[in-house]
Amino acid sequence: MHLKRVKFAVSAMPSRVIRYFRVRGLRYSLGLVGAVLCVVMLCMPSGYVTEGPGPTRDVLGTVDVGDSGDSGDARPMIVVKGAKTHDDTGRLLLTTVNSYGIDWPPTNAEALLAWANPHAGVLPREAVIPPGQSGEDYTRTAKKEMTGAQDAASTQALRFLASRGMDTSGVTVSMNVDEIGGPSAGMMYALGAIDKLTEADETGGRTIAGTGTIDKDGKVGAIGGIRLKMIGARRDGATWFLAPKDNCGEVVGHVPDGLRDVSVSNLSEAYDALVAIGQGRGDSLPHCAAE
């Protein structure tokens, strides 16, 4: 008897649904269907990559290079051999951007929330990952670019010191990094290596952040995500930010409160700015200016 009642209830459901919508009218029915479709669309994968301020790393400090799952092994981020190194009382922070959606695209809802968040960014997926390239390919390329940035930074740091009278023969510089990828830490790596090889306390105890590529001629190049990197720098205590001159158009009007930007175009300018900040002469350094 109970089974018959269940069968009757199931068979009667279509007519009940029809009667339910008929009573409430066409507008209500269409509105409900539209709401359901909106929810479905928001849950579908988007064609975007979302970004947020990533972690910073003190290039004068240590980094955990242990295998995942164990306690790790803290080693100097910059390793110098063949010369005496010197400690600094401050910090030099390289800055990063966290990208979400490299391996799997975010939903439309997540992209919409990021678009509405002033501390986040939204980019078309093809602007981050070239068409035909997988997330794994992108990660491999980023790590390769980071290795190239380290090599360029080491070379430029030693060349810079040699130009200022230091004997750099037999000196080697290498870097230990964790999951950071891309070429944008080149300038900060070079400054860190120079700092460790000189007796001066360049930072003067301050926390100074920055970003920028470094090429074979010592030029500091533009990078992506600088607005988010400045937010991450201020979050982690930086009061100064060394920015590539070619990025100044993105810097102007977006510097967080409590952070002072400095425009630099090459390694020499970046180092001189570092020294000036450490000596309390940073106010005279050039801001980024709108063109």
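Between Met166 and Ile194, the closest side-chain pair of non-hydrogen atoms is not below 4.5 Å. At least one side-chain heavy atom of Leu267 sits under 4.5 Å from a side-chain heavy atom of Leu191. In this structure, Ser263 and Leu285 have side chains that are not in contact, with every pair of non-hydrogen atoms separated by 4.5 Å or more. Between Ser268 and Arg164 the shortest side-chain heavy-atom distance falls below 4.5 Å. At least one side-chain heavy atom of Val97 sits under 4.5 Å from a side-chain heavy atom of Lys229.
In this structure, CG on Asp217 lies 7.5 Å from CZ on Arg159, to the nearest 0.5 angstrom. For the atom pair Ile208 CD1 and Leu93 CG, the distance stands at 9.0 Å (nearest 0.5 Å). Distance check: Glu199 CD to Lys84 NZ gives 6.5 Å after rounding to the nearest 0.5 Å. Between the CD1 atom of Ile277 and the OG1 atom of Thr203 there is a distance of 10.0 Å, given to the nearest 0.5 Å. Going from atom CD1 of Ile226 over to atom OG of Ser184 covers 9.5 Å, rounded to the nearest 0.5 Å. Residue Thr168 holds its OG1 atom at 7.0 Å from CG of Leu161, rounded to the nearest 0.5 Å.
Put simply, the side chain of Arg235 gets close to the backbone of Gly54: a donor and an acceptor are under 3.5 Å apart. In this structure, the side chain of Thr85 does not engage the main chain of Lys196 through any donor-acceptor pair within 3.5 Å. Using a distance-only test at 3.5 Å, with no hydrogens or angles considered, no donor-acceptor pair links the side chain of Thr155 to the main chain of Ala152. For the pair Asp58 (side chain) and Arg91 (backbone), a donor-acceptor distance under 3.5 Å is absent.
Considering all non-hydrogen atoms of both residues, Glu250 and Ile223 come closest at OE2-O, 4.3 Å. Taking both residues in full, the closest heavy atoms of Pro53 and Leu228 are given as CB-O, 3.5 Å, listed atom of the first, atom of the second, then distance. Across Asn176 and Arg75, no two heavy atoms sit closer than the pair ND2-CB, 3.7 Å. The minimum heavy-atom distance linking Ile214 with Gln156 is given by the pair CG1-CG, 4.0 Å. In plain terms, the two heavy atoms of Ala243 and Val251 that are nearest each other are CB-CG2, 4.1 Å. Pairing each heavy atom of Asp257 with each of Arg234, the nearest pair is O-NE, 3.1 Å.
Linking Ile, Leu, Val, Met, Phe, Trp and Tyr whenever their side-chain heavy atoms come within less than 4.5 Å leaves Val264 and Leu259 in two separate clusters. Hydrophobic clustering (side-chain heavy atoms under 4.5 Å, transitive across Ile, Leu, Val, Met, Phe, Trp, Tyr) keeps Met188 apart from Ile231. Under a hydrophobic-cluster definition in which Ile, Leu, Val, Met, Phe, Trp and Tyr are linked whenever side-chain heavy atoms come within less than 4.5 Å, directly or via other members, Val171 and Met77 are assigned to the same cluster. Leu242 and Val255 fall into different hydrophobic clusters, where Ile, Leu, Val, Met, Phe, Trp and Tyr residues are linked whenever their side-chain heavy atoms come under 4.5 Å apart, directly or through other members.
For Ser169 and Asp167, the side-chain atoms include at least one donor-acceptor pair closer than 3.5 Å. Looking only at atom types and distance, the side chain of Arg260 has a donor-acceptor partner in the side chain of His287 under 3.5 Å away.
The environment of CG in Asp87 is sparse: at most 12 heavy-atom neighbours from other residues, nucleotides or ligands sit within 6.0 Å.
Shown are Cys288, Ser265, Pro286; of these, the side chain to side chain contact (heavy atoms under 4.5 Å, CB included) with Lys245 is made only by Ser265.
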Q | Step-by-step side chain to side chain contact (heavy atoms under 4.5 Å, CB included) determination, Met175 to Ser154 | A | CA-CA 9 Å; Met175 284 84 175; Ser154 301; 3.7 Å; yes
Q) For Leu92 and Leu274, what are the C-alpha separation, side-chain angles and deciding distance, and is it a side chain to side chain contact (heavy atoms under 4.5 Å, CB included)? A) CA-CA 9 Å; Leu92 287 176; Leu274 172 60; 3.7 Å; yes
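Sorted by first and then second residue, the ring pair (Phe, Tyr, Trp, His ring centres under 6.0 Å) pairs involving residues 221-260 (not counting sequence neighbours) form an empty list.
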